Amino acid sequence: MDRRLIAPAALSLGLALAACEGGGDPVQQAMRDAATANQNAAYAEKAADPHAGHGGAGAPSTGDAAFAEVEAEMHQRMGQASGATVDEAYITKMIEHHRGAIAMAEVALAQSQDPEIRRMAQAVVDAQTREIAEMRAWEPAPR
């Protein structure tokens with residue numbers, strides 16, 4: 001389970017348990033009920049779309065639009081990557097993840113004017129390229 005979802009679920013449970021205590025001020029009870037309903041709806045939305053909240057309503061920003069194509073391709077390739085064992089699946093999915101990181105770094109290198117961003121992007125390209133080579137060279141341990 002996504003760790004980001006645990007805290008909202010715990011909060012929602014806490015609000016629900018508090019609401020079950022009964023008695024008390026009806027206005028406070030209504031507020032607890034509304035808060036629980038809102039929290040449950042937010043939790044359900046986050047669970048349904050793990051990328052919810054990465055943008056805002058409406059059209060993506062110029063920055064987000066610059067990465068949209070390579071990000072979508074990375075997610076598609078990671079979803080298609082597979083292996084017969086957990087080890088093999090891990091390697092194939094991580095290779096695609098790293099390829100996506102390289103593609104995003106290349107967008108930053110092509111479009112950013114900030115020297116620090118460009119330095120970090122080049123470091124990502126270098127490190128991820130080395131790690132891809134390491135993963136491609138991996139062979140399962142004998143059992």
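Please read these numbers as outputs of a predicted model, since none were measured by experiment.
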Q: Evaluate the salt bridge (charged side-chain N to carboxylate O under 4.0 Å, His left out) criterion for residues Glu134 and Arg130: first the C-alpha distance (whole Å), next the side-chain angles of each, then the deciding distance (0.1 Å), finally the verdict.
A: CA-CA 6 Å; Glu134 181 181 354; Arg130 277 191 311 275; over 6 Å; no

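Met74 is listed as a side-chain neighbour of Met104, based on a closest heavy-atom distance under 4.5 Å. You'll find the side chain of Arg99 reaches within 4.5 Å of the side chain of Glu96, heavy atoms only. Residues Ile102 and Ile132 are in side-chain contact: their nearest non-hydrogen atoms beyond the backbone lie under 4.5 Å apart.
Remark: Arg119 engages Glu116 in a side chain to side chain donor-acceptor pair (under 3.5 Å) (not counting sequence neighbours).
The shortest non-hydrogen separation linking Ala121 to Ala105 is O-CB, 3.4 Å. Closest approach of Val107 to Ala66, counting heavy atoms only: CG1-O, 3.7 Å. When all heavy atoms of Arg118 and Ala110 are compared, the pair lying nearest together is NH1-N, 4.4 Å.
For the atom pair CD (Glu131) and CZ (Arg136), the distance works out to 13.0 Å, reported to the nearest 0.5 Å. Note: His97 NE2 to Met135 CE = 10.0 Å, rounded to the nearest 0.5 Å. Of the inter-residue distances, the one linking His75 atom NE2 with Gln80 atom CD reads 13.5 Å to the nearest 0.5 angstrom.
A donor-acceptor pair under 3.5 Å links the side-chain atoms of His98 to the main chain of Met94, judged by distance alone.
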Distance-only check: which donor-acceptor pairs under 3.5 Å involve side-chain atoms of residues 84-92, not counting sequence neighbours?
residue : atom : partner : partner atom : Å
Thr85   : OG1  : Asp87   : N            : 3.4
Thr85   : OG1  : Glu88   : N            : 3.1
Glu88   : OE1  : Ala84   : N            : 3.0
Thr92   : OG1  : Ser82   : N            : 3.4
Thr92   : OG1  : Ser82   : O            : 3.1
Thr92   : OG1  : Glu88   : O            : 3.3
Thr92   : OG1  : Ala89   : O            : 3.1

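Cluster partners of Val124, using a side-chain heavy-atom cutoff of under 4.5 Å among ILVMFWY residues and allowing indirect links: none.
Val125 and Ile95 end up in the same hydrophobic cluster when Ile, Leu, Val, Met, Phe, Trp and Tyr side chains are linked at under 4.5 Å.
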